[in-house]
Amino acid sequence: MRRPFIAGNWKMHKTISETIDFINQLNNLDLPADKDILICPPFTALNKAQKLVNGTKIKLGAQNMHFEENGAFTGEISPLMLKDIGCEYVIIGHSERRHIFGEDNALINNKVKSALEHNIKPVLCIGEKTEQRKAGKTKDVVKNQLLECLEDIHNITKITIAYEPVWAIGTGVNATPEQAEEVHAYIRSLIAERYNKEAASALRILYGGSVKPENVKAIMAQENVDGVLVGGASLHAEKFFKLINFDK
Ligand code: PGA
């Protein structure tokens with residue numbers, strides 16, 4: 001039985017005071033103990049966020065990191081810095097990093113390896129663009145991204161995969177539960193082939209792309225959907241609480 005995983009990717013949203021408000025609101029609600037709840041605020045709010053989530057049911061993650069520990073990389077944040085600030089998770093290879101900032105599978109692979117070496121759990125994002133889906137290439141794209149991003153990684157027990165079709169991110173058009181399930185089942189089969197059946201059945205695969213309180217239940221009902229990675233709807237504590245309680 002895979003533990004449900006509800007993750008919020010705040011992207012470039014929220015100041016420190018807005019972060020404090022959000023976490024206080026969420027902590028005042030009755031959070032379930034049978035799910036993993038993750039928030040990923042911007043770097044500038046992580047320090048304050050860590051102090052507020054410490055000892056609660058909320059886990060903390062960052063949205064990106066460089067793979068080196070330190071060096072001449074102006075504007076970047078290293079795994080040591082994320083550990084230092086108390087991040088348990090890091091989102092890697094989000095489609096906005098790939099398509100706006102030019103990250104490729106080789107770079108993302110380095111980041112995943114580095115996160116694992118520093119004992120930070122990566123949430124590795126993959127997903128096809130609209131033209132790739134229309135051309136019937138969804139599975140090819142997902143396979144290529146998955147295998148290249150996992151190259152030379154022999155243990156995937158600390159990794160979570162997020163399937164996020166680019167056409168569904170921030171558009172209001174979510175993948176149907178059936179579309180999500182088809183790709184999730186495929187990802188799990190690839191992991192079984194590349195690793196083994198046990199690793200595949202333990203792996204959590206999140207769906208991301210226009211998840212909201214109205215559609216989360218149907219998406220989570222799919223056999224191979226183990227959680228959701230949410231942008232827009234994760235910015236409001238009440239909406240996020242509803243997502244966490246998808247089964248209520
Ligand atoms: P969205 O973003 O929920 O706003 O579509 C999801 C994501 O980018 O992780």
Side-chain angles (χ1 to χ4, degrees), residues 1-11 31-32 34-40 61 89 91 93-96 98-99 123-146 149 156 159-193 197 199-236 238-248:
M1 187 53 191
R2 295 179 292 266
R3 193 174 153 87
F5 191 170
I6 311 299
N9 170 16
W10 290 5
K11 311 193 180 185
L31 295 173
D34 59 346
K35 294 168 185 144
D36 283 337
I37 302 164
L38 173 68
I39 57 168
C40 301
Y89 286 87
I91 297 171
H94 187 276
S95 86
E96 286 145 23
R98 290 174 186 266
H99 304 304
V123 177
L124 167 62
C125 303
I126 56 176
E128 82 288 359
K129 294 185 190 175
T130 190
E131 59 271 22
Q132 293 168 325
R133 175 163 282 264
K134 283 192 183 137
K137 297 213 168 95
T138 297
K139 286 187 175 169
D140 293 344
V141 171
V142 162
K143 180 177 184 180
N144 184 54
Q145 288 178 342
L146 186 73
C149 293
I156 58 155
I159 298 181
T160 301
I161 303 290
Y163 169 58
E164 298 204 305
V166 179
W167 47 271
I169 296 178
T171 58
V173 182
N174 57 287
T176 65
E178 295 72 25
Q179 284 172 324
E181 172 62 17
E182 188 186 4
V183 180
H184 282 225
Y186 179 62
I187 292 170
R188 206 177 296 288
S189 74
L190 290 171
I191 294 294
E193 251 173 58
K197 272 196 179 153
S201 77
L203 177 76
R204 288 189 295 184
I205 307 174
L206 316 184
Y207 166 77
S210 298
V211 175
K212 36 192 180 275
E214 300 75 45
N215 60 22
V216 66
K217 191 172 181 184
I219 292 168
M220 285 300 294
Q222 302 301 310
E223 192 185 330
N224 287 290
V225 177
D226 309 307
V228 284
L229 178 57
V230 188
S234 77
L235 294 171
H236 309 271
E238 273 174 30
K239 275 194 194 167
F240 193 53
F241 184 66
K242 283 189 187 154
L243 295 172
I244 294 165
N245 287 313
F246 66 89
D247 49 353
K248 299 276 150 56

Value rounded to 0.5 Å, distance of CG in Leu124 from CD1 in Ile159: 7.0 Å

Point-to-point distance, once rounded to the nearest 0.5 Å, from CG of Leu146 to CG of Asn144: 9.5 Å

Check: Asn215 side chain, Lys212 main-chain N or O, donor-acceptor pair, under 3.5 Å: yes

Side-chain donor or acceptor of Tyr89 paired with backbone N/O of Ala7 under 3.5 Å: no

Smallest separation among heavy atoms of Ala218 and Pro177, with atom names: O-CB, 3.6 Å

From NZ (Lys242) to NZ (Lys217), nearest 0.5 Å: 14.0 Å

side-chain contact (heavy atoms from CB on, under 4.5 Å) between Ile191 and Ile205, intermediate numbers included: CA-CA 11 Å; Ile191 294 294; Ile205 307 174; over 6 Å; no

side-chain contact (heavy atoms from CB on, under 4.5 Å) evaluation trace for Thr171 with Ser210: CA-CA 6 Å; Thr171 58; Ser210 298; 3.7 Å; yes

ring-ring contact (aromatic ring centres under 6.0 Å, His included) contacts touching residues 166-191 (sequence neighbours left out): Tyr163-His184

Derivation and outcome, side-chain contact (heavy atoms from CB on, under 4.5 Å), residues Asn174 and Tyr207: CA-CA 10 Å; Asn174 57 287; Tyr207 166 77; 3.9 Å; yes

Point-to-point distance, once rounded to the nearest 0.5 Å, from NZ of Lys239 to CD1 of Ile244: 14.0 Å

Side chain to side chain, Ile37 and Pro32, heavy atoms closer than 4.5 Å: yes

Straight-line distance of Leu38 CG to Asn9 CG, nearest 0.5 Å: 9.5 Å

Worked verdict on Lys137 versus Glu131 for salt bridge (charged side-chain N to carboxylate O under 4.0 Å, His left out): CA-CA 9 Å; Lys137 297 213 168 95; Glu131 59 271 22; over 6 Å; no

Arg98 (side chain) donor-acceptor with Cys125 (main chain) under 3.5 angstrom: yes

Closest approach of Ala180 to Ala175 (non-hydrogen atoms, all atoms of both residues): N-CB, 4.3 Å

Short side-chain to backbone donor-acceptor contact, Asn224 and Ile187, under 3.5 Å: no

Distance, nearest 0.5 Å, that separates CG of Asn245 from CD1 of Ile6: 9.0 Å

Audit row: Val183, Arg133, side-chain contact (heavy atoms from CB on, under 4.5 Å) steps and yes/no: CA-CA 11 Å; Val183 180; Arg133 175 163 282 264; 3.9 Å; yes

Heavy atoms of other groups near Lys11 NZ, more than 12 under 6.0 Å: yes

Minimal non-hydrogen separation, Leu243 against Val216, with atom names: CD2-CB, 3.8 Å

The single option from Arg204, Arg188, Lys35 passing salt bridge (Lys or Arg N to Asp or Glu O under 4.0 Å) against Asp226: Arg188

Donor-acceptor contact below 3.5 Å, side chain Glu128 vs main chain Val142: no

Greater than 12 external heavy atoms within 6.0 Å of Glu178's CD: yes

